[in-house]
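Quick note on labels: first sequence line is chain A, next is B, and so on, each numbered from 1. These numbers come from the heavy atoms of this one structure, side chains and all, not from hydrogens, waters or symmetry mates. It should be emphasised that the depicted structure is a prediction, and the values quoted were computed from it without experimental measurement.
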Amino acid sequence: MSDYDPQAIEAKWQKRWSDERAFEVSEDPDRPKYYCLVMFAYPSGHAHVGHVRNYMIGDVISRMKRMRGFNVLHPFGWDAFGLPAENAAIKNRTHPEAWTLDNIAHMKGQLERLGISYAWDREFATCESSYYKWNQWLFLKMFERDLAYRRRSTVNWCPSCTTVLANEQVIDGVCWRCSAAVQSRDLEQWFLRITRYADGLLDGMDRLGEWPAKVLTMQRNWVGRSEGARVRFAVPMHSGVSGEIEVFTTRIDTIFGATCVLLAPEHSLIDHLLTEGNPSEKLSQKIREFRALDRTDRMTGAVEKEGFATGLSCLNPFTGKLIPVWVANFVLAEYGTGAVMAVPAHDQRDFEFAKKYDLPIKVVVRPKAREGESIEEVPLDEAYTGPGSLVNSGEFTGLSTEDAANKLTQEAESRRVGQSTVQYRLKDWGISRQRYWGTPIPIIHCDACGLQPVPYEELPVELPKVVEFSGQGDSPLAQIEEFLNTTCPSCKGPARRETDTMDTFVDSSWYFYRYCDPSNDQQPFDPDTVGYWGPVDFYIGGVEHAILHLIYSRFFCRVFKDLGLVDHDEPFTRLLTQGMVLRNGAVMSKSKGNVVDPDQMIERYGADALRLYEMFVAPPEKEIEWTDSGLEGSFRFLTRVWRLVTGLCDLVVDLPEDALGRQFDDVHRALRRKTHESIKRVSADLDPRAHLNTAISALMELVNVVYGFCEKQDLVLHTSGEVRSSQLATIETRAVLREALEVLVLMLSPFAPHLCEELWERMGHTAGVGQQDWPTSDDSVAQADEIVIPVQVNGKLRGRLTVPADVSEEVLQEAALTEETVRAHTANKTILRVVVVKRKLVNIVVR
RNA sequence: GCGGAAGUGGCGGAAUUGGCAGACGCGCAGGCCUCAGGAGCCUGUGAGACUUAGUCUCAUGGGGGUUCAAGUCCCCCCUUCCGCACCA
């Protein structure tokens, strides 16, 4: 009866919460809202303690915020579309849906055993047609606004997943999911025009002060805005080819030093040269070689810089001189115009290239530091890329690089040979996936009418229940005649459905809005409802989504805003990226065999101990190494709490309400002080700092102090938790104990909710601990009457003084100078100075 | 290569603004209680020295500096992790 039995307690309270629908919420304009969200789960099969950590952080914050009077939305759901389900289906001859639903059922059970305070009635899975219907709806809205479009282009192809990937899903040249090397393919694909919002995504970051700086930096790099100019170089007829080459440059100020133009191997002029010109066999050969180079090796500089003269020349519009046109393997077709002007003297890559092929190097910028020098005579051993003033630049000579850039751009514009422009690294988001288990793209291909949107009233385009998954051939949907063949909504003639499905990141880009209004069948969500709950106040998830999911969601937020469905600018006000849980130094994974199963831990120590351990071991952002002994320690602490409270609860019930108004002696005052000090510390640690680990250590200190107090009061706690000499306890003792224990249980409850509900009930309360107000500290109680002041001599600690808290500086100084050890160090020395910092320390400077 | 973050006992980690370094926990050691302890409770636990109830010295990756005072601020270096990486 009196032993801490987490299994019994946890089952009891989980049932009660569920019966009472304790965490369901509705809009309440009279209370401040708080939307606390953890990234929803991919139903891979089993949750491990790494996932659990993410959910725990959200639960602690949610429970704490509820006690602080907020109307807290804390939902959960499933990112249920995706390849693993399809692969499992192929392997096990089952259906992706069956596999997915089984996994959801299992994982939901695991989460329920952790006692997380989710509003379960808002749960949904993205594979439900009631959800993905709105993906399709949104796609059509985007199609109407030219935000969704179809285009043939070179795309990332994962040979292992047999599908296309977005740029964001290629990490260091390999597939983000399966790590297979990504290949290039030329395909017709659907894209979402995220680039339209490039500047908005950048500007919005100014408002994301509560995001980790690291994530913002990553997003900024990803968008990769750079200002510069496009300049056209005319190509006079040569071997049957002429035209012009447009280059992108951020250094138009160096254009007088451009001694060569470099083309990407895929540049259209090269195509012309190959088809209409008569290139030498050697040149054709080189171009083929360059084009065959591994895409990512080329992008990352892993291949040596190489080039070959095309035989063509072009006219530098500013010098009026003809310069050679080369094809170079390091020029990227995807970026800018696929052509660059090479300025060897002021760009390190061009410098190396020029050295290698003996191209002229013409200095056009003189560094500030070398004003007046005749720099042309000094041989360069590297490019000078810094600012300075122009030389050898015609009428622009003498201008600063900054002024020159402006003037040259104006000049280029007025002469119609170029214009200023902004270039981004960000590319439109390719969302076509040649797979089955995803949202069908609601488009119909008609030979007569072209691309036709599926009419809104025909949504959703349901995913057909396919039986066979071979893993062979192209899109599985293309093999299903009943799905494929349809009629054109416009001409009613025979037509074919689009057979690609959407990237699952579409699903996750707006699910947080759907939670606000999960069963709306008229629109994705009601704008007023999202107006109440949104944006998400606190978002918790892994840093691996720093650019993927988080940038897509910010994009969708802007689209929804343009559609008039949301009124905020950013979807997630505060972001916390939690650290991973490692075992033996590695991320937990089935293949490594180092997965820690939460169910086993719950069975041995209970969910509360598991929760507490994962929150205590390190700050939430840090990765942690799993240790069983740490979990045992947390269990031991909870047992200590259990014994303390159950052992004393007879003493603390049935006390007069005004018991705390009495006069207390030093020992009692000390406990009260600790209690109120703890309220301050724990409150500040949780909100706003989210330092959950130090909040727990403050609670542990409080428990230690209460144990010490009991010992002083001769209240001997048995192992079994019974108090031996309860009859000796005075009203005063009981009053301060009650205060301490109530505060303890209240503040521990976000971490160990089951235990605390049970203890709270045993302390004689009828309403649940989660419905209580968060305790407030009384500064007059927290204030110590006496404080300990360290005394230093020449910065070294030499003694401590116990003085009244309100001691004057003069008295403090006097006391410090007469302290015994201090005097030993000041004897026979000259006191130069005494630094007195009020309530902090005294430092005596002697010589 | 460029940028960022970090480096504190045997271990995980504490230390708002520069103000007692090592909170809290793990581990370890001793004691109490026990038939027993791998339960519980109490105590100790950075290193070293000495004239060992105490006192002193050293100590926050290394080296300099600023300051009455530095884990915290500045400069240089080392290591680790993360991000970017031919973006013209």
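Using a 4.0 Å cut-off between charged nitrogen and carboxylate oxygen, A:Glu701 and A:Lys674 count as a salt-bridge pair. Note on A:Lys680 versus A:Glu677: no salt bridge recorded, every NZ/NE/NH1/NH2 to OD/OE distance being 4.0 Å or above. Using a cut-off of 4.0 Å between Lys/Arg side-chain N and Asp/Glu carboxylate O, A:Arg53 and A:Glu614 are scored as not salt-bridged. Between A:Glu304 and A:Lys356 a salt bridge is recorded (basic side-chain N to carboxylate O distance below 4.0 Å). Between A:Glu334 and A:Lys427 there is no salt bridge, since none of the side-chain N atoms of the basic residue sits less than 4.0 Å from a carboxylate O of the acidic one.
Atom CE of A:Met580 and atom C1' of B:C82 are 11 Å apart (whole Å). Distance A:Glu352 CD to B:G1 C1': 11 Å, rounded to the nearest Å. The nearest whole Å value for the distance from the CG atom in A:Leu582 to the P atom in B:C81 is 13 Å. Distance A:Arg220 CZ to B:G3 P: 17 Å, rounded to the nearest Å. One interatomic measurement links the two molecules: NZ of A:Lys796 to P of B:A70, which rounds to 10 Å at whole-angstrom precision. In this structure, the CD atom of A:Glu820 is 11 Å from the C1' atom of B:G54, given to the nearest Å. Taking atom CG on A:Leu702 and atom C1' on B:G25, their separation rounds to 16 Å, with Å as the unit. Whole-Å rounding puts the A:Ile696 CD1 to B:G12 C1' distance at 13 Å.
For the C1' atom pair drawn from B:C2 and B:U57, the interatomic distance equals 44 Å after rounding to whole Å. Taking the C1' atoms as reference points, B:A53 lies 16 Å from B:G44, given to the whole Å. Rounded to the nearest Å, the gap between the C1' atom of B:G62 and that of B:C78 is 7 Å. Using C1' as the reference atom, B:U72 and B:G61 are 16 Å apart when rounded to the nearest Å. B:G3 sits 30 Å from B:A70 when the P atoms are compared, rounded to a whole Å. Only the P atoms considered, B:C74 is 25 Å distant from B:C82, to the nearest whole Å. Taking atom C1' in both B:G71 and B:U60, one finds a spacing of 5 Å when rounded to whole Å.
Looking at heavy-atom distances under 4.0 Å, A:Thr250 makes contact with sugar-phosphate atoms alone, never a base. Among the protein residues, A:Arg847 comes within range of no part of the nucleic acid, since none of its heavy atoms lies under 4.0 Å from any strand. Across all strands shown, A:Lys622 has heavy atoms under 4.0 Å from sugar-phosphate atoms exclusively, and none from any base. Among the heavy atoms of the strands lying under 4.0 Å from A:Val331 is at least one base atom, whether or not backbone atoms are also near. Among the protein residues, A:Arg636 comes within range of the sugar-phosphate backbone only, with heavy atoms under 4.0 Å from sugar or phosphate atoms but none that close to a base. Looking at heavy-atom distances under 4.0 Å, A:Asn693 makes contact with sugar-phosphate atoms alone, never a base. Residue contacts for A:Ser634: at a heavy-atom cut-off of 4.0 Å it reaches no nucleic acid atom on any strand shown. Nucleic acid contact class of A:Val543 (heavy atoms, under 4.0 Å, all strands): none. Using a 4.0 Å heavy-atom cutoff across all strands shown, A:Asn704 reaches sugar-phosphate atoms only and no base atom. Within 4.0 Å (heavy atoms only), A:Lys214 reaches sugar-phosphate atoms of the nucleic acid but no base atom. Among the atoms of the strands shown, base atoms are found under 4.0 Å from some heavy atom of A:Arg689. When heavy atoms are screened at a 4.0 angstrom cut-off, A:Val835 is found touching base atoms of the nucleic acid. Residue-level contact check: A:Gly224 touches neither bases nor backbone, having no heavy atom under 4.0 Å from any strand.
The partner of B:C32 is B:G40, by the rule that a Watson-Crick or G-U pair needs both atom distances under 3.5 Å. Pairing for B:U17 is absent, judged as Watson-Crick or G-U wobble with the two contacts each under 3.5 Å. Shown here, B:U57 forms a base pair with B:A47; the pair counts as Watson-Crick or G-U wobble because both key distances fall under 3.5 Å. Remark: B:U66 base-pairs with no nucleotide; criterion is Watson-Crick or G-U wobble with both hydrogen-bond distances under 3.5 Å. B:G71: no Watson-Crick or G-U partner with both key distances under 3.5 Å is found in any strand. Base-pair partner of B:A85: not found among the strands shown (Watson-Crick or G-U wobble, both distances under 3.5 Å). Using N1 to N3 plus N6-O4 or O6-N4 for Watson-Crick, or N1-O2 and O6-N3 for G-U wobble, each under 3.5 Å, B:A5 pairs with B:U80.
With rounding to the nearest 0.5 Å, the separation of CG in A:Leu648 from CG in A:Leu737 is 5.5 Å.
Between A:Arg251 and the phosphate of B:A88, there is no side-chain N or O to OP1/OP2 separation shorter than 4.0 Å. The phosphate of B:A88 has OP1 or OP2 within less than 4.0 Å of a side-chain N or O from A:Ser226. Of the side-chain N and O atoms in A:Arg833, none sit less than 4.0 angstrom from OP1 or OP2 of B:A69. Note on A:His825: a side-chain N or O is less than 4.0 Å away from OP1 or OP2 of B:C56. Proximity of A:Arg640 to the phosphate of B:G25: no side-chain N or O atom is located under 4.0 Å from OP1 or OP2.
A donor-acceptor contact under 3.5 Å is formed by the side chain of A:Asn843 with the base of B:C68.
For A:Phe353 and A:Phe330, the ring centers sit closer than 6.0 Å to each other. Taking the six-membered ring for Trp and the full ring otherwise, the centers of A:Trp642 and A:Phe635 sit at least 6.0 Å from each other.
Classified by its glycosidic torsion, B:G9 falls in the syn category, the angle being within 90° of 0.
Using modelled atom types, no side-chain atom of A:Asn329 and backbone atom of A:Phe290 make a donor-acceptor pair closer than 3.5 Å. In this structure, A:Arg839 contributes its side chain and A:Ala805 its backbone to a donor-acceptor pair below 3.5 Å.
Toward the 5' end of RNA chain B, the nearer of the two residues A:Gly336 and A:Met218, judged by each one's closest nucleotide, is A:Met218. Mapping A:Val617 and A:Gln792 onto RNA chain B by nearest heavy atom places A:Val617 closer to the 5' end of the strand.
Which of B:A88, B:A15, B:U17 sits closest to the side chain of A:Phe330 comes down to B:A88. Taking only side-chain atoms of A:Phe616, from C-beta outward, the nucleotide of B:C56, B:G27, B:C24 with the closest atom is B:C24. Among the nucleotides B:C20, B:A14, B:G19, the one closest to any side-chain atom of A:Thr694 is B:A14.
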